[in-house]
Amino acid sequence: MPAVPPHRGLIRALLALFRGSDRAAGGLARLCTTLGQVALVCLGAHLAADHLDDQLLRGFFAAQAWLDLTLAGPLLRFSEAVGARYETLLFWDDLPLATLAAWSALIVELVACALLSASFLLTPRQVRLSWAAWRQALSVHALVLPVALSGVLSAGAWSMSMAVEDLLPAATWASVIAWIVAAAVGLRFGLPAWLRAVAALERSGKPLRDLAVALGILPLGLLAWQHGVPLWGWLP
Amino acid sequence: MRGFLELGLLAAVCTACWVRTPAGILAADLVAWARGAPGRDVLAAFSTEVPERVDEAIRQAVAQRQDAPATPLPPGWSPALDLAVRAHLGEQAAAQLILLPMDRPEATLERWALGEDVVERAIRRAAAAGEAEPSSLAAHRRYLPAEAQARAGEAVDEVLALATVLDLGWPVGATIRVTSSFGWRDHPVLHERRFHEGIDLGVPVGTPIAAAGAGTVSRARSDAINGQHLILSHGRGVTTAYCHGSALHVGPGEAVARGEVVMDSGSTGRSSGPHLHFGLRIDGRAVDPALFRPTGG
C-alpha cells in the first residue's frame, strides 16, 4: 500500500474548511444583498445630494439678493413707520445659507434613500418584470421610480468605483479594477434591486401619495443621471 | 468561492457607505453615541468650499508682515499670496512652492498639496460626468477622495482666502484714528455691553470711502441701525462692510475696483456722531479689520 503524502491531508482539510466557510458565507446571501442594495442607494443618493447642496446654495443666494432688491426697502420703511425691529422683518439678512443648504440637501437625501430603499425592500422577492404589468400600473410614480432608481444605483456603482480607484496607485490597471468592481456591484446589487422595485409597481389608487413619493425621489434621481453617471463627457 | 466574493463586495460597498455618506455617518454616530464616544459631523459628507481655520494663520501672517524683508518675488506671486503661504503652510512649503509657476495659484497649490495623479483623476471624473469646467477645483472637488478634499480646503481655499484678505487696502487715510475697536464694548447709543463686529474710524461727514479691494456689491441699502451701508464681496468668502454713510455711489451687483469711491461717510442709522463703521468677514465670521491696517498709519 503506497504511503499517502502527509501534505495531501492538510490540503484536503484546508479545502474542506474553505468550502464550508464559503457555503456559510453564501448562506448570508439574502442579508448581503439587502445590505448591499441599501448601501448602494445611499452612495448614489449622496453623490446627487452633494450637487443638490451646491444648487440649493446658489438658489438661496439668488433668493436673498432678490429679497434684498424687492422687499428690503418697503419692509424697512414699514418697520420705521410702526417702530418694529427691522432685523425681525428682514429675516433673510443673517441666515447661515451654506449650513441651510447642506441641511436641506441632507434631509432630501435621507428621505430619498428611505423611499428608494422601501421601493424594493417592501415588495415580494419573486416578481417577474413584464411590460404589460408596468403599463397597467402606469402612474407618475411608475414613470419616475425606474428613472430615479436607475440613476441613483448607477451613481452608487460609480461612487464605489471611485472609492476603489482612490485606494489604488494611479495606473490603467487601477481604472480597470475600479470598473470591474463597479460592474460587479451594479450587477449583483443594483440590477436586482431595480428589477424588484419596477416589477412590483402597481396601481395604488392613491394619486396624491404617489405624487408625493415621486417628488421625493425625482430631484436626486435627475441629479444622479446628470452628474453621477460618467457618460456625458464621452458624448460629442 | 462565490460566497466569499459576495461578502467581499458587501464589505466594500458598506465600508464606502459608512465612510462617505451621511447615512453611514449617522449610523456611525449612533454607534459612537451608544459607546459614549464623540461622533462625526454629518455635514462633513458634503464637499465644502468655505475656509474654516484661518484665524491662527491671520495672526501669524500679520506678525510676519511686520518684519517681512522686501525680497523680490517670482512672476505670479503677490506679496499677499507669499505671506498667506508662509503663514498658513509654513516656510518649508513656501520654499517648495516658490519654484513652481504661479500663473494659476489655485491649480498650483492644489497640485502641490494633492499630487498630480489625484488631481488628474478628479479632473477626468468631472469631465466624464459632464462638468462645465472640470479643471477648476469647484467642479472636480467632489470627485476627490475625502481626505484630499480636506487637504484642498486647507492648502487652496484657506490660503487664497487669507491672500485675499491680506491684499485688501484701507477705506480711508491710514492716519485716521480708530474711535472704537473690534470686540466687546459698552455701546455708545444703547448703553449696554455688545460685541462690536468691526471698527469705527473717526471721519467727518462727506469723506470719500474707498473699496478695500476689488469685488462686487452684494448689498447697498439703508436701515435704522447701519444707516446707508454697503457690503462688498471680494471672493473666497471675504466680505467688507461700510456703514453709516451719507451717500452711496454704487448699487447691488455692481463691480467695483480697489480704491474706487463707493460711499461718502456720514452719521446715519444708530450712530452717536460722524464715523465709518468698517467690518471684515471671512466665511461669515467677523475678523478684526485693524489687523490689516496699513503700516505707517
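Just so it is clear: chains get the letters A, B, ... in the order the sequence lines come, proteins before strands, and each one is counted from 1.
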If you count heavy atoms of other groups shown closer than 6.0 angstrom to CD of E133(B), is the number above 12?
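No, because the 6.0 Å sphere around CD of E133(B) holds 12 heavy atoms or fewer from other groups.
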If every non-hydrogen atom of [X] is compared with every non-hydrogen atom of [Y], which pair is closest and at what distance?
X: W232(A); Y: A129(B); value: CD1-O, 3.5 Å
X: T21(B); Y: C42(A); value: CG2-O, 3.6 Å
X: Y143(B); Y: H227(A); value: OH-O, 3.1 Å
X: V13(B); Y: G36(A); value: CG1-O, 3.8 Å
X: L9(B); Y: V185(A); value: CD2-CG2, 3.6 Å

Heavy-atom distances under 4.5 Å only: say whether [X] touches chain B with side chain, backbone, both or neither.
X: A45(A); result: neither
X: M160(A); result: side chain
X: F189(A); result: side chain
X: A174(A); result: side chain
X: P96(A); result: neither
X: C113(A); result: neither
X: A49(A); result: both
X: W103(A); result: both
X: L43(A); result: both

Picking from G130(B), P22(B), A220(B), A127(B), which has the most non-hydrogen pairs under 4.5 angstrom with chain A?
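It is P22(B).
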Value rounded to 0.5 Å, distance of [atom1] in [X] from [atom2] in [Y]:
X: R188(A); Y: L10(B); atom1: CZ; atom2: CG; answer: 9.5 Å
X: D166(A); Y: E147(B); atom1: CG; atom2: CD; answer: 7.5 Å
X: L106(A); Y: I25(B); atom1: CG; atom2: CD1; answer: 9.0 Å

Return the option, out of Q226(A), H51(A), Q64(A), with the maximum number of heavy-atom pairs under 4.5 Å with chain B.
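Most pairs with chain B among the choices: H51(A).
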[X] portion near chain A, given a 4.5 angstrom heavy-atom threshold:
X: V19(B); result: neither
X: S222(B); result: backbone
X: E120(B); result: neither

So do R125(B) and P230(A) actually touch side chain to side chain, heavy atoms under 4.5 Å?
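Sidechains of R125(B) and P230(A): no contact.
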R121(B) (side chain) donor-acceptor with E165(A) (main chain) under 3.5 angstrom:
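Flag set: sc R121(B) to bb E165(A) pair under 3.5 Å.
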I'd like to know if D53(A) and R142(B) make a salt bridge, using a cut-off of under 4.0 Å between side-chain N and carboxylate O.
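Looking at R142(B) together with D53(A), the answer is no, because their closest N to O distance does not fall below 4.0 Å.
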